[in-house]
Student: 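Pasting a structure here, questions to come.
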Amino acid sequence: MRPYRCFASCLPGLEEMLRGELAALGIPKPEVSKGGVRFFGHRRSVFRVNLCSGLATHVLLRFPKFEAKTFFDLEKGFRRLDLEPLLKEGEPISLRVQAKKSKLIHSGAIEDRFRSFLGKRLPGVRFLEQEPKDPLDPEGLFQAVQIRVFFDRVQISVDSTGIPLHRRGWKQAVGKAPLREDLAHALILASGWDRETPLLDPFAGSGTIPIEAAGLARRLAPGRLRRFSFERGAIFDEEDYQLEKMRAEKQSLPGLGFKLFASDRDESVLTLLEANAERAGVAEELDLRVGTFDQAAFLSGEPKSEQGAMVSNPPFGRRVQETTGLEQLYQALGRKLRLLPPSFHIALLSSDRRLTQRVGIDLKSAFLVPFGGLRVRALVR
Ligand SMILES: C[S@@+](CC[C@H](N)C(=O)[O-])C[C@H]1O[C@@H](n2cnc3c(N)ncnc32)[C@H](O)[C@@H]1O
């Protein structure tokens with residue numbers, strides 16, 4: 001059987017990191033492309049990337065592109081698709097259509113054409129009007145078809161993922177400005193942390209960074225709790241999926257010989273954090289404290305460690321509070337961070353260069369990504 005033409009999408013700015021992650025997962029020749037990474041893979045590779053990637057958002061199975069300047073071209077292109085290996089009759093299908101810079105620009109009309117084409121090709125087809133939101137719900141699985149028309153070229157893909165991969169399933173309770181799990185994952189990787197020494201997040205909120213870090217240290221598959229569209233799709237094979245799950249489980253560690261420290265001045269968010277950590281199965285790995293950042297582990301002088309990492313997403317204005325007062329906060333944080341041993345890794349996520357300059361430590365930019373209507377930068381030492 002020929003391999004699938006796959007595209008693992010990610011937040012723009014994380015492509016190169018995702019390429020490295022897929023290579024480490026044993027995916028042959030992953031190639032960076034805008035907004036993701038292309039690769040050719042068999043069924044098990046598709047299952048593996050969905051289950052084990054911490055950076056990808058979707059794994060798309062792509063059909064060859066075709067040109068369409070008219071609806072006649074479009075329908076001709078549809079008829080040539082070899083759909084049956086990728087789409088299963090009878091399982092609900094969600095359509096996502098996007099058209100830009102093309103003669104065919106009306107996404108609603110494109111969707112109508114595809115619906116009526118599929119209705120004839122797969123007579124038992126059922127369409128979903130709204131995609132489910134709970135990545136843990138086995139009843140909420142669906143097949144998703146994505147149609148993108150860009151410069152008159154039509155790219156049709158079947159999404160093997162469904163609900164985006166950053167929705168791991170353990171974060172049901174969130175604070176004011178929660179981070180996306182894939183972004184936290186990228187920040188931790190960029191920090192250079194060795195996963196064998198303590199890690200601290202003194203602005204932990206609902207805990208995305210420490211929970212994701214505990215998963216990385218225990219080598220847990222990021223998708224271990226959730227369900228994926230492919231489970232209801234034509235490519236599914238129970239035996240191959242169980243083999244991939246077993247492969248992932250074999251690599252995981254039952255516990256850690258060190259702690260990950262998470263604190264926040266807001267006691268109520270720490271309660272959410274605790275519940276999220278329980279769901280993620282990493283509560284044992286965390287040491288939770290209520291307090292301002294200067295009372296946090298390492299920054300208060302206790303405990304002492306020559307090795308470790310401070311990885312955090314301090315408030316950066318607009319999303320939590322306005323920047324007033326934040327300059328002093330970053331300055332005071334800098335004073336504490338300068339007391340850490342020089343071997344300590346530091347990684348901060350912020351949208352405001354002026355604020356991070358206040359830290360007064362030479363930090364270099366690791367990546368820049370769009371997030372919540374802002375462009376946020378990872379700064380590391
Ligand atoms: C941007 S949010 C962090 C979000 C977190 N990464 C998450 O995924 O939920 C910033 C957090 O810093 C906390 N915070 C603000 N000022 C603080 C201070 N002086 N000391 C400790 N925590 C503080 C807020 O309560 C908030 O939870």
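FYI, side chains are in, hydrogens and waters are out, and symmetry mates aren't considered; it's all heavy atoms of this structure. Order of appearance sets the numbers: ligands from 1, and atoms from 1 within every ligand.
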Student: Could you tell me which atoms of ligand 1, counted from 1 in the order shown, lie closer than 4.0 angstrom to a heavy atom of Pro202?
Tutor: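 Those qualifying, in numeric order: 21 (C), 22 (N).
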Student: Tell me which one of Arg44, Lys245, Arg43, Arg48 satisfies side chain to side chain donor-acceptor pair (under 3.5 Å) with Asp240.
Tutor: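 Testing each of Arg44, Lys245, Arg43, Arg48 against Asp240, the sole residue satisfying side chain to side chain donor-acceptor pair (under 3.5 Å) is Arg43.
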Student: Please list, in number order, the atoms of ligand 1 under 4.0 Å from a heavy atom of Asp266.
Tutor: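 Contacts of ligand 1 toward Asp266, numbered from 1: 25 (O).
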Student: For ligand 1, which atoms have a heavy atom of Gly291 less than 4.0 angstrom away?
Tutor: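 Ligand 1 atoms under the 4.0 Å threshold to Gly291: 21 (C).
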Student: Answer with yes or no whether the side chains of Arg148 and Gln98 bring together a donor and an acceptor at under 3.5 Å.
Tutor: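 There is such a pair between these side chains.
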Student: Mark yes or no: Arg113 above the aromatic ring of Phe71, with NZ or CZ under 6.0 Å from the six-membered ring centre and no more than 45 degrees from the axis.
Tutor: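 Verdict for Phe71: a cation-pi partner in Arg113.
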Student: Taking all atoms of both residues into account, what is the closest heavy-atom pair of Val369 and Pro12, and its distance?
Tutor: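 Val369 and Pro12 have their closest heavy atoms at CG1-O, 3.3 Å.
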Student: Give the numbers and elements of all ligand 1 atoms closer than 4.0 Å to a heavy atom of Ser206.
Tutor: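 Matching atoms, with element in brackets: 7 (C), 8 (O), 9 (O).
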Student: Give the numbers and elements of all ligand 1 atoms closer than 4.0 Å to a heavy atom of Leu329.
Tutor: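 Matching atoms, with element in brackets: 16 (N), 19 (N).
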Student: Can Arg115 and Glu129 be counted as an ion pair, charged N to O under 4.0 angstrom?
Tutor: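 The answer is yes: the pair qualifies as a salt bridge.
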Student: Would you call the rings of Phe228 and Phe230 parallel, tilted or perpendicular, taking 30° and 60° as the class edges?
Tutor: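 The rings of Phe228 and Phe230 lie parallel, inter-plane angle below 30°.
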Student: Would you say ligand 1 has an N or O under 3.5 Å from any N or O of Asn313?
Tutor: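 So ligand 1 has an N or O lying under 3.5 Å from an N or O of Asn313.
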Student: Can you check whether Ile209 has an N/O within less than 3.5 Å of an N/O in ligand 1?
Tutor: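 Among all N and O atoms of Ile209, none is under 3.5 Å from an N or O of ligand 1.
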Student: What atoms of ligand 1 come within less than 4.0 Å of a heavy atom belonging to Pro315?
Tutor: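 Contacts of ligand 1 toward Pro315, numbered from 1: 10 (C), 12 (O), 15 (C).
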Student: For ligand 1, which atoms have a heavy atom of Thr208 less than 4.0 angstrom away?
Tutor: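 Atoms satisfying the 4.0 Å criterion: 7 (C), 8 (O).
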Student: Could you list which atoms of ligand 1 come closer than 4.0 Å to a heavy atom of Thr292?
Tutor: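 Counting from 1, the qualifying ligand atoms are 20 (N), 21 (C).
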Student: When you look for heavy atoms under 4.0 Å from ligand 1, do you find them on the side chain of Ala204, its backbone, both, or neither?
Tutor: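 Just the backbone.
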Student: Between the side chains of Lys171 and Ser206, does any donor sit under 3.5 Å from an acceptor?
Tutor: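 Side chains of Lys171 and Ser206: no pair found under 3.5 Å.
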